[in-house]
Structure formats: structure tokens, C-alpha cells
Amino acid sequence: MSTHAEEHRPVMLKEACDGLAIQPAGVYIDATFGRGGHTASILKALGPKGRVVAYDKDPEAIAYGRLHCQDSRLMLKQGSYTMIYEDMVHQGLLGKVGGVLMDLGVSSPQLDQAERGFSFMKSGPLDMRMDTTQSHGITAAQWLAENSERDIADALFRYGDEKLSRHIARAIVHHRTQVGPIETTLELSQLIESTVGHRYPRGKHPATRTFQALRIVVNAELEELKSCLDTLIDVLMVGGRLVVISFHSLEHRLVKRMMQRYLPGNESIEPYTQPAEPRLKRIGSTLTASLREQAINVRARSAHCRIVEKRI
Ligand SMILES: C[S@@+](CC[C@H](N)C(=O)[O-])C[C@H]1O[C@@H](n2cnc3c(N)ncnc32)[C@H](O)[C@@H]1O
């Protein structure tokens, strides 16, 4: 299987695959296939009886996999990782999976293709949906057109940690009512630049945080992550591993809290109201990418890799 590493450089590949503690005949899940860098590594460690089931919301990722990653041990599925539990029930694999890997966020091809609308550096429609199939979700342009100034400001603050969220939201709503809908990436980034650019430090584009926030909202990233994490414990066999690579503080916090809650002694952790059974064991401390990897891959600089094992 070729991985076309030039398209998406997998982050913390060795750490993540070591963390899965791969058994040659095991079943493994790659919850975020992307361009298959991690999947390729898992397949390499598996024997002829091993299997990988890989998911991605993005139909382009799955189409890429079908074309370039042909391997009889690999099953590719288009859809959210929130479907893993149900899918494992249907396949009779609930409680039989040796490891699940989640490498969160966007892939380089998604960022690089202007027409996907993820990048404020490239001119394209303001889309940002990972799942572009007809029935799924609204675009970032639609979200900005349909929400109130207050909701826009709240989202930019909460999901982008944008301190100037109110100014930006006001400018967006003013533009929408006085000039017309904001439909392209450059329209939005230029509007942000002209509104708050002078208040931003040099070196950081003033649209960075707004674009992150919109991407998270449009794809319901945190809601999906939250609703999926607990269910993965039932998917795993006893001794199975969950490895999660996260990239920004909101993801780090969510993953950390979920894992902590199932560790012995932490059953009643905030903000959960119901205590949890201590079903997990922590494997090592949170890993970060080596300085060498950080030097060659900018995305790796913010990566945190957490590993837990199912004990009951
Ligand atoms: C960082 S990339 C994964 C890269 C991959 N590990 C590789 O080596 O090529 C993240 C991928 O997760 C996908 N994704 C994001 N949220 C998802 C979700 N809720 N369910 C399934 N896939 C999702 C994105 O479409 C993207 O392709």
C-alpha cells in the first residue's frame, strides 16, 4: 500500500502505533483515515489475519483510500466516528477490537484545497464541511448567514478563543445586512483583517482563530468527539488500547477529562454528575512529538498523544 506521504504527513506515527500495542491477528480501528498514513503503519504491523476498519467523514478521503490503499485486510467506511459503536454491533465486533486510533482535526489536503474553504490564505467558497455528501450539514457561509451576532460572537470566543469576537461578529452582521452575504474565504478574512487587523500582533493572521472556530462549529467537532469517546470503551476488548492525538486546548481538555474519569480514583470527576466505573488504565504520560518531527512538520508542534488501556 502506498501512502503518498507528500499529501499528508502523519503525526506521531511511531508513538501512536507503538501505543496501540498491535497484535498480528487483531482488529484495529482508524477513526480518522485522512490519507491513510496511520492505517498503512498498522497494516504493516499486522499479519495476514489482522484487519483494519477505517472511517472518515470526508468522502474524498475514502475515495483516495479506495484508489491508493488497496489491501484485503482494510475496510473503508465513509461517515463519522460516532457510528463506530453501532457498526461494531452490526459486525459482531463489539468488545473484540484490539485498538482504536483517533488523529483529530483536519488533514493537509483539506487545508490545501481552496475549494474546501478551510484556508483563509486561499480563495474559495466558505464551505468547511468535512462531510460534503448532500444530506450532511450546512456550510460556514450558511452558518454565518443564519446565526445572530451574539451566537457568532459566542462561537468565536468559545471555539477560537478569539478575544475580539464581539468586534468581528458585529462586522460580519453589518456586512451581511449592508453589503450582502459573505460567501468566500477571502471575503471573510479581508473583513476580519480590516476590522481587527491593527489590534493583532505581527506574525499571526487575524482570521486564524475565527476560521478554527467556524470549522469546529460547522463540523460539530467537539460534540461528536464527546459523544464518541465513552462508546469506544465498549468497542475495545479487555487489554485493547485507545490512542488519541489532539491538536488544540479544547480537544486536549475533552480527551483528558474523558480518560481521567475512567481511571481508578477519579470516578466522580467534574463536570460529570454520574460517577464512572474505573475501566481504563493509563499507559505512560501524555506524549508530544520529538523536536525532530516538530522541525519538519508544523502540525506536530501542537500534537498531544494520550494512550489508555481497557482493564474491565
Ligand atoms: C488529521 S487527519 C487524519 C490523518 C491520518 N491519520 C493520516 O495519517 O493520513 C483527520 C481526518 O479526520 C477526519 N475527521 C474529522 N472528524 C471526523 C469525524 N467526526 N468522523 C470521522 N472522520 C473525521 C477528517 O476528515 C480528516 O480526514
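Quick note: numbers below take in every heavy atom, side chains included, and nothing from hydrogens, waters or symmetry partners.
With contacts defined as side-chain heavy-atom distances shorter than 4.5 Å, the pair Leu104/Ile245 does not qualify. Inter-residue side-chain proximity for Glu277 and Ile312 is flagged as met; some heavy-atom pair is nearer than 4.5 Å. Residues Glu293 and Val11 form a side-chain contact, since some pair of their non-hydrogen atoms from C-beta on lies under 4.5 Å apart. Glu251 is listed as a side-chain neighbour of Glu221, based on a closest heavy-atom distance under 4.5 Å. Within the 4.5 Å cutoff, side-chain heavy atoms of Ile172 are placed close to those of Leu144. For the pair Met259 and Leu242, the minimum side-chain heavy-atom distance is below 4.5 Å. Here the side chains of Asp230 and Tyr262 are in contact, with some heavy-atom distance below 4.5 Å. Taking the side chain as every heavy atom from C-beta outward, Trp143 and Ile152 approach each other to under 4.5 Å.
The salt bridge (Lys or Arg N to Asp or Glu O under 4.0 Å) contacts involving residues 45-54 comprise nothing, where partners must be two or more places apart or lie in separate chains. A ring-ring contact (aromatic ring centres under 6.0 Å, His included) check over residues 89-124, counting only residues at least two apart or in different chains, returns the pairs Phe120-His205, Phe120-Phe211. Residue pairs that meet the ring-ring contact (aromatic ring centres under 6.0 Å, His included) test with at least one member in residues 145-190, sequence neighbours left out, do not exist here.
Between Asp58 and Arg129 no salt bridge is recorded (no basic side-chain N to carboxylate O distance below 4.0 Å). Ion pairing of Glu149 with Arg166 is absent here, as no side-chain N (NZ or NE/NH1/NH2) approaches a carboxylate O to less than 4.0 Å. Under 4.0 Å is where a charged nitrogen must lie from a carboxylate oxygen, and between Asp18 and Arg241 no such pair does. The pair Asp71-Arg73 counts as a salt bridge, with a side-chain nitrogen and a carboxylate oxygen less than 4.0 angstrom apart. Of the charged side-chain nitrogens involved, none lies within less than 4.0 Å of a carboxylate oxygen, so that Arg282 and Glu309 do not count as a salt-bridged pair.
At most 12 heavy atoms of other shown residues, nucleotides or ligands fall within 6.0 angstrom of atom OH in Tyr85.
A donor-acceptor pair shorter than 3.5 Å cannot be found between the side chains of Asp127 and Thr139.
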- Check against side chain to side chain contact (heavy atoms under 4.5 Å, CB included), Leu250 and Leu254: CA-CA 6 Å; Leu250 296 166; Leu254 232 166; over 6 Å; no
- Message: Is there a side chain to side chain contact (heavy atoms under 4.5 Å, CB included) between Gln212 and His248? Walk through the geometry before answering.
- Response: CA-CA 10 Å; Gln212 174 187 302; His248 55 77; 4.1 Å; yes
- Message: Is there a side chain to side chain contact (heavy atoms under 4.5 Å, CB included) between Thr132 and Arg116? Walk through the geometry before answering.
- Response: CA-CA 9 Å; Thr132 49; Arg116 299 300 302 269; 3.7 Å; yes
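One finds the SG atom of Cys17 at 9.5 Å from the NZ atom of Lys44 (value rounded to the nearest 0.5 Å).
In this structure, the side chain of Lys77 does not engage the main chain of Ile62 through any donor-acceptor pair within 3.5 Å. Looking at His8, its side chain never comes within 3.5 Å of a backbone N or O of Arg35 through a donor-acceptor pair. A donor-acceptor pair is defined here as one N or O able to donate and one able to accept, closer than 3.5 Å; no such pair exists between the side chain of Asp56 and the backbone of Gln78.
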